[in-house]
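This report concerns only the one structure given below.
Read the numbers this way: they start at 1 and go in the same order the structure lists the ligands and their atoms. Source: prediction; values computed, not measured. Just the heavy atoms: all of them, side chains too, but no hydrogens, waters or symmetry mates, feed the values below.
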Amino acid sequence: MIPRLKPQLDWRELAAALRPPRSDDVARFERAFAREMGQRHAVAFPYGRTGLALLLEAMGLRNAEVICPAYTCVVVPHAIVVSGNEPVFVDSSEADFNMDLDLAEAAISPRTGALVATSIFGYPVDLEKLEAIRSRHPALRVIQDCAHSFAAEWRGRAVQRAGDAAIFGLNISKLITSIFGGMVTTDDEVLAARLRDLRRQRVRAPSLAKSVRRLLYILAVYPTFWGPAYGLVNRLERRGLLDRFVKYYDDAAIDMPADYLEGLTAVEARVGIAQLRKYRGIVARRRSIAEFYGERLATLEWLQLPPRIEGATYSHYVPRVKDRGAVMTQALEAGVQLGEIIEYSVPEMAAYRGRAGASRPCPVAGQMARSTINLPVCGGLAGASRTVAALTGRRP
Ligand SMILES: *Cc1c(COP(=O)(O)O)cnc(C)c1O
């Protein structure tokens with residue numbers, strides 16, 4: 001079975017995970033990450049959302065409005081709420097799944113403190129439009145959410161560097177992983193120092209128990225994504241038996257994981273360092289698979305291809321269909337698991353409906369939430385060929 005996602009792990013990450021810890025593992029990961037992303041500072045956190053919450057605090061924001069996409073990972077508004085601020089949701093653009101920046105600018109009020117610009121699915125945010133907004137609103141803080149995109153490029157310029165700071169997520173579903181974990185990068189000396197101070201005050205040192213849990217988790221990932229076993233994993237997942245591991249949100253609650261203030265472990269940092277060495281190769285392969293899908297699926301009239309945008313990193317390859325359930329079932333019968341990320345528009349979720357920042361209509365985001373499917377981008381060209389065959393009903 002071709003899984004909908006697959007972390008790119010081999011013996012290198014295994015060796016890194018099993019190596020005895022060194023006191024500077026996390027600091028070495030931060031330096032390597034900052035270098036790869038072309039930024040002066042990188043500060044590691046147990047989750048990307050922890051980094052975002054403390055970043056907003058480090059920016060001095062409290063009781064402020066923070067503009068973010070309606071069509072984004074729900075942990076983003078959770079972090080905004082937990083930091084004592086209010087998310088204001090803005091609809092998406094049909095062109096690239098990203099937040100419509102004209103609507104975002106129209107949502108700016110005297111209470112607005114920051115704007116989270118997300119390069120969703122790896123599609124780079126339009127940096128020219130974003131800069132025009134910044135020049136008209138110089139007090140506005142801009143945070144690049146690069147959890148999907150990492151270093152996607154808008155006309156040759158890396159998105160993560162085009163704001164006050166950027167956040168990254170590093171769980172196993174991301175382009176590269178440090179088991180769990182998150183990173184904040186910035187070129188701003190003062191902001192980086194404040195963020196480190198806050199981390200020292202608020203994030204406790206990871207316990208030995210947490211390190212053992214993370215090690216066991218990464219050891220379990222290897223057999224889980226091993227082809228012959230994955231069929232069973234998929235059956236368990238569909239019966240809801242793996243919810244503890246795969247379900248990352250509760251529709252009705254704004255919450256954070258119990259250990260969101262327990263620091264990144266050394267084992268995660270070492271896996272992250274090994275993954276950084278693969279980063280460029282991973283992105284190059286995804287780009288060529290996106291191209292392959294674009295060519296092979298162009299004739300299917302029931303499937304709307306995602307845009308091809310120069311500089312995109314394709315964390316997901318997301319065509320849109322009318323009857324998602326039927327397409328997913330058809331593919332599964334042909335041995336290909338499709339994903340349905342992102343399957344919600346945040347302001348429509350029970351936890352956010354009725355909140356002040358959820359009052360703007362977001363029809364495009366709602367449409368996307370109901371129609372996107374993700375094709376596997378991790379199974380190499382062989383996996384992509386089987387996916388094409390499953391969708392076109394032909395033999396590979
Ligand atoms: C994964 C993700 C994050 C961060 O997630 P954590 O699980 O907190 O590391 C942030 N934004 C987006 C869009 C994401 O997909």
Salt bridge check: are Asp10 and Lys278 linked by an N-O gap of less than 4.0 Å? yes

Using a strict cut-off of less than 4.0 Å between a Lys/Arg side-chain nitrogen and an Asp/Glu carboxylate oxygen, indicate whether Arg157 and Glu128 qualify as a salt bridge. no

Close-range residues for ligand 1, whose non-hydrogen atoms fall below the 4.0 Å threshold: Tyr47, Gly48, Arg49, Thr72, Cys73, Val75, Val76, Asp145, Ala147, His148, Gly169, Asn171, Lys174, Gly181

Quick check on the 6.0 Å ring-centre criterion: do Phe89 and Tyr352 meet it? yes

Using a strict cut-off of less than 4.0 Å between a Lys/Arg side-chain nitrogen and an Asp/Glu carboxylate oxygen, indicate whether Asp25 and Arg19 qualify as a salt bridge. no

Charged N to carboxylate O below 4.0 Å: is that the case for Glu340 and Arg4? no

Arg202 CZ: over 12 foreign heavy atoms closer than 6.0 Å: no

